[in-house]
Amino acid sequence: QVQLVESGGGSVLAGGSLRLSCAASGLTVRSHCAAWFRQAPGKEREGVAGTDSTGRTNYVDSVKGRFTISKDNAMNTLYLQMNSLKPEDTAMYYCATSESTVCTGLLPAAWYTYWGQGSQVTVSS
């Protein structure tokens with residue numbers, strides 16, 4: 001049984017930083033496609049950052065240079081480091097993993113099978 005447990009959300013002022021964590025069990029994060037999505041009220045779920053077993057990473061244009069997706073293989077945990085946060089980054093953030101091992105580009109939500117419970121990130125100006 002695959003479980004993804006998220007932590008690290010919160011409220012910050014614009015320009016601040018947060019790190020989201022996604023601890024996995026039942027699936028080895030380093031060997032599969034994994035990603036972070038976000039969903040703001042009234043908007044569709046949006047892929048923010050993705051990675052795969054090769055270490056390749058992809059980001060949506062709006063977060064390039066500010067967000068970094070990474071894995072801790074020993075802890076079997078996926079991270080999203082978010083710097084220079086903006087009010088428009090406010091959303092519920094979800095981690096997700098797939099049975100696939102190689103992912104080309106930032107893939108849609110339907111590609112991913114397992115999801116975390118969500119972490120609220122609120123950025124105020």
Side-chain angles (χ1 to χ4, degrees):
Q1 181 181 358
V2 176
Q3 282 194 314
L4 303 177
V5 179
E6 297 182 36
S7 60
S11 298
V12 296
L13 293 175
S17 298
L18 284 173
R19 188 178 77 159
L20 301 180
S21 300
C22 175
S25 59
L27 177 145
T28 304
V29 172
R30 72 172 184 269
S31 301
H32 293 83
C33 298
W36 288 95
F37 287 78
R38 65 186 179 187
Q39 187 166 19
K43 295 189 176 181
E44 292 188 357
R45 191 165 295 193
E46 171 189 43
V48 174
T51 186
D52 66 8
S53 62
T54 70
R56 176 171 38 208
T57 58
N58 292 281
Y59 299 91
V60 68
D61 285 346
S62 60
V63 308
K64 284 180 180 177
R66 301 188 299 121
F67 290 13
T68 303
I69 187 172
S70 63
K71 303 174 186 177
D72 182 324
N73 294 334
M75 298 296 291
N76 202 28
T77 298
L78 182 73
Y79 297 101
L80 184 68
Q81 178 67 44
M82 303 182 292
N83 298 328
S84 301
L85 282 160
K86 303 175 180 180
E88 51 263 44
D89 294 318
T90 295
M92 186 72 79
Y93 284 71
Y94 299 89
C95 62
T97 60
S98 167
E99 296 288 354
S100 300
T101 59
V102 177
C103 299
T104 302
L106 202 55
L107 299 176
W111 188 267
Y112 296 89
T113 305
Y114 308 105
W115 291 82
Q117 81 278 15
S119 295
Q120 179 66 40
V121 172
T122 303
V123 185
S124 55
S125 56

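Just so we're clear, the structure is a prediction, and the values are computed from it rather than from any experiment.
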Give, for atom CG of Asn83 and atom OG1 of Thr68, the distance between the pair rounded to the nearest 0.5 Å. 6.5 Å

N/O donor-acceptor pair under 3.5 Å between Ser53 side chain and Thr101 backbone: yes

Take Asn76 and Thr28 through the side-chain contact (heavy atoms from CB on, under 4.5 Å) test and state the conclusion after the steps. CA-CA 6 Å; Asn76 202 28; Thr28 304; 4.3 Å; yes

Same apolar cluster: Phe37 and Leu106, side chain cutoff 4.5 Å: no

Correct closest heavy-atom pair for Ser84 and Ser17 would be N-OG, 4.3 Å

Given 3.5 Å as the limit, does a donor-acceptor pair link the side chain of Thr51 with the main chain of Ala34, or not? no

Are Tyr94 and Val60 connected into the same hydrophobic cluster when the rule is that any two of I, L, V, M, F, W, Y join if their side-chain heavy atoms are below 4.5 Å apart? no

N/O donor-acceptor pair under 3.5 Å between Ser100 side chain and Ser98 backbone: no

Could you state the interatomic distance from CE (Met82) to CZ (Arg66), rounded to the nearest 0.5 Å? 9.5 Å

Test side-chain contact (heavy atoms from CB on, under 4.5 Å) on Arg38 and Val63 and set out the steps. CA-CA 12 Å; Arg38 65 186 179 187; Val63 308; 4.0 Å; yes

Find out whether Leu20 and Val121 are in side-chain contact, i.e. whether some heavy atom of one side chain is under 4.5 Å from a heavy atom of the other. yes

Carboxylate-amine/guanidinium contact Asp89 Lys86, below 4.0 Å: no

On a heavy-atom basis, the closest approach of Asp72 and Met75 is OD1-N, 3.0 Å

Is the count of non-hydrogen atoms from other residues, nucleotides or ligands lying under 6.0 Å from Trp111 atom CH2 greater than 12? no

Nearest non-hydrogen partners of Glu46 and Ser62, listed with the distance: OE2-OG, 4.4 Å

Assess whether side-chain hydrogen bond (donor to acceptor under 3.5 Å, both in side chains) is satisfied between Tyr114 and Gln3, documenting all intermediate values. CA-CA 7 Å; Tyr114 308 105; Gln3 282 194 314; over 6 Å; no

Nearest non-hydrogen partners of Met92 and Gln120, listed with the distance: SD-N, 3.4 Å

Would you give the length of the straight line joining atom OG of Ser11 to atom CG of Leu18, rounded to the nearest 0.5 angstrom? 8.5 Å

So, does Tyr112 use its side chain to make a donor-acceptor pair with the main chain of Cys33 at under 3.5 Å? no

Describe, in one word, how the ring planes of Phe67 and Tyr93 are oriented to each other, choosing from parallel (under 30°), tilted (30 to 60°) and perpendicular (over 60°). tilted

Rounded distance [0.5 Å steps], OG in Ser70 versus CG in Leu78: 7.0 Å

Specify the closest pair of heavy atoms between Pro87 and Ala14, including all atoms of both residues, with the distance to one decimal. CD-CB, 4.1 Å

Would the distance check show the side chain of Gln117 and the main-chain N or O of Glu6 forming a donor-acceptor pair, the cut-off being under 3.5 Å? yes

Has the side chain of Trp36 got a donor or acceptor atom that lies under 3.5 Å from a matching backbone atom of Tyr79? yes

Would you name the heavy atoms of Ala24 and Leu4 that are closest together and state the gap between them? CB-CD2, 3.6 Å

OG (Ser125) and CG (Leu13) are apart, to the nearest 0.5 Å, by 9.0 Å

Rounded to the nearest 0.5 angstrom, the CZ-CG distance for Arg19 and Leu80 is 10.5 Å

